[in-house]
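Have a look at the structure below before the remarks.
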Amino acid sequence: MLFGRLAARASQAWKSYRFDPREAFRPRNIIQSWRSIGYWTLHVVNFGCALHLFGEHVAALPFVEGPSMFPTMAMTGELTLELKWIDPHELKRGDLVTYISPIDPTRKVCKRVTGLPGDIICVDPTGEYAPSTEHVIVPRNHIWVTGDNLPWSRDSRLYGPVPLGLVKGKLYARVWPLRDMAIFRSTFEYID
């Protein structure tokens, strides 16, 4: 009953509507339409700015690819959720972090935190870059990072401790492909 009344009113309103081209293109109506376009353009620009600020400072969905983090991440690439609103001093061993590469400042890379400030770290357990007996103490305001796939990873074994100022975010979850969606948990075991 209610739907029938609403449909009848809508039908009457549609029948009474007439488009008059002379009325639509009068100067007063053109100014009103430009104001309306400007109003909606302003909303779109505001939304774009808010989206940009959110992506730069709160969270983003970066595509991560490459062999250095295999088997945690696929070599062909995955879409991940990166949290950027973090305190680098609150990082824990085993966290996946993104940071600006000390070798190439135009690249952002992802590795696992294996050492915190004050930790004594074996520089290269594989012996590829340094003797496996060489150890270093991670300096204050730095972290030691390594890839999960050591033979294919360029990490702290090559360029040393990473300053906390280069850390840009922490990977929280795998978002795509949907069948592999998961939250990244720390599988790191600390030996004291």
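On a predicted model such as this, the values are computed, not experimentally measured, just so you know.
- In this structure, the side chains of Leu166 and Pro102 come closer than 4.5 Å at one or more pairs of heavy atoms.
- Residue Asn46 holds its CG atom at 12.5 Å from CG of Leu51, rounded to the nearest 0.5 Å.
- In the hydrophobic clustering of this structure, Val145 groups with Ile103; members are Ile, Leu, Val, Met, Phe, Trp, Tyr whose side-chain heavy atoms approach within less than 4.5 Å, directly or through other members.
- Checked against ring pair (Phe, Tyr, Trp, His ring centres under 6.0 Å), His52 has no partners two or more places apart in sequence or in another chain.
- Between the side chain of Thr98 and the main chain of Val109, no donor-acceptor pair closer than 3.5 Å is present.
- The nearest pair of heavy atoms linking Val162 to Tyr99 is CG1-CD1, 3.9 Å.
- For Thr146, the side chain to side chain donor-acceptor pair (under 3.5 Å) criterion is met by no residue, not counting sequence neighbours.
- The OG atom of Ser156 sits 14.0 Å away from the CZ atom of Arg112 when rounded to the nearest 0.5 Å.
- Grouped by direct or indirect side-chain proximity (heavy atoms under 4.5 Å, Ile/Leu/Val/Met/Phe/Trp/Tyr only), Trp85 sits with Phe54, Val58.
- Atom CD1 of Ile86 is separated from atom CG of Asp95 by 8.0 Å, given to the nearest 0.5 angstrom.
- Across His142, His89, Arg93, a single residue satisfies side chain to side chain contact (heavy atoms under 4.5 Å, CB included) together with Leu116, and that is Arg93.
- Separating the SG atom in Cys110 from the CD atom in Glu78 is a distance of 10.5 Å, to the nearest 0.5 Å.
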